[in-house]
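Counting convention: from 1, in listed order, for ligands and their atoms alike.
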Amino acid sequence: MRDIPGFRPKVAVILGSGLGGFADEVEPVATLSYSELPGFPPTTVGSHAGRLVLGHVGRTPVAVLQGRAHYYERGRADEMKPVIRAIAELGCETLLQTNAAGSLRLDMPPGAVMAVTDHINFTGVNPLFGETGNGRFVDMVDAYDPALRAALVAAGEDVFEGTYIWFSGPSFETPAEIRAARVLGADAVGMSTVPETILARHAGLRVAALSLMTNYAAGLTPDKLGHAQTLAVAQEAAGKVRRQLRRFLEGYA
Ligand code: HPA
């Protein structure tokens with residue numbers, strides 16, 4: 001990927017469903033479309049713009065990714081590999097992820113945010129399939145950096161902390177799957193983030209992740225699930241998430 005002379009981002013931010021508006025918080029240096037970046041995936045989810053915005057939040061140089069590709073789009077877990085490699089090559093040391101998720105906890109209602117402490121990969125696939133060398137045996141202890149997590153919690157209001165479980169999607173989970181996920185120790189469920197975390201740790205990046213609850217997971221309440229609700233709740237809570245991300249990035253040393 002071409003360099004922007006004199007600009008070296010420290011933090012890459014992936015904006016999840018309904019949260020793309022955070023890119024407006026960036027004082028831009030350059031905006032690039034994924035389509036002009038080699039290897040970057042097309043994004044097929046309408047709410048994901050497919051743009052990379054390079055610039056500053058406060059004094060922190062950032063690379064903001066408006067949109068991600070998901071495993072469910074083409075059945076490839078390594079869809080985001082070129083993106084994560086590119087941000088590592090640009091000089092980023094940290095990947096901050098956001099996502100929309102379903103809550104498995106009745107005390108964590110739609111609109112709540114959760115800093116991810118750990119994850120469960122429930123898909124059976126891994127974005128590092130096919131990699132060679134010992135580097136592929138990535139240590140996943142503290143994959144979500146404890147110091148960054150503390151800073152993320154401090155930057156928000158009433159932030160929950162918990163474990164994120166990755167289901168493949170694109171269908172939502174069944175109530176039985178959600179009951180199983182609760183037994184396994186999950187607090188939130190979603191269709192993203194985990195492959196990017198694995199790829200980022202493989203590339204030597206520190207990771208932090210924030211989940212915005214857009215619904216109670218299947219079966220917790222009589223409600224029906226749908227992408228429209230995900231977007232509606234995400235848009236409602238977007239301002240709060242934006243402030244939290246801004247504070248986190250401004251305070252990033
Ligand atoms: N399940 C999976 N992904 C999601 C959900 C959910 O309930 N809500 C938002 N993304």
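In summary, the side chains of Thr197 and Tyr144 do present a donor paired with an acceptor at a separation below 3.5 Å, with no hydrogens or angles considered.
Nearest protein neighbour of atom 10 (N) of ligand 1, counting heavy atoms only, is Ala100 O, 3.3 Å. Nearest protein neighbour of atom 5 (C) of ligand 1, counting heavy atoms only, is Gly102 N, 3.4 Å. Distance from atom 7 (O) of ligand 1 to its nearest protein heavy atom, with residue and atom name: Asn215 ND2, 2.9 Å. The nearest heavy-atom contact from the protein to atom 3 (N) of ligand 1 is Gly190 CA, 3.4 Å. The protein non-hydrogen atom at the shortest distance from atom 2 (C) of ligand 1 is Glu173 OE2, 3.2 Å.
To the nearest 0.5 Å, the span separating CD on Gln97 from OG on Ser211 amounts to 9.0 Å.
Using a 4.0 Å cut-off between heavy atoms, Ala101 contacts ligand 1 through its backbone alone, with no side-chain atom that close.
At least one heavy atom of Phe172 sits less than 4.0 Å from an atom of ligand 1.
Each of Glu79, Glu73, Glu196 was compared with Arg68 under the side-chain contact (heavy atoms from CB on, under 4.5 Å) criterion, and only Glu196 meets it.
Formation of a donor-acceptor pair under 3.5 Å by the Glu250 side chain with backbone atoms of Arg247 is not found in this model. In this structure, Glu177 contributes its side chain and Thr174 its backbone to a donor-acceptor pair below 3.5 Å.
Tyr164 and Val125 fall within the same hydrophobic cluster, defined by Ile, Leu, Val, Met, Phe, Trp and Tyr side-chain heavy atoms under 4.5 Å apart, directly or through other members.
In this comparison of Thr214, Ile165, Asn99, the heavy atom closest to atom 9 (C) of ligand 1 sits on Thr214.
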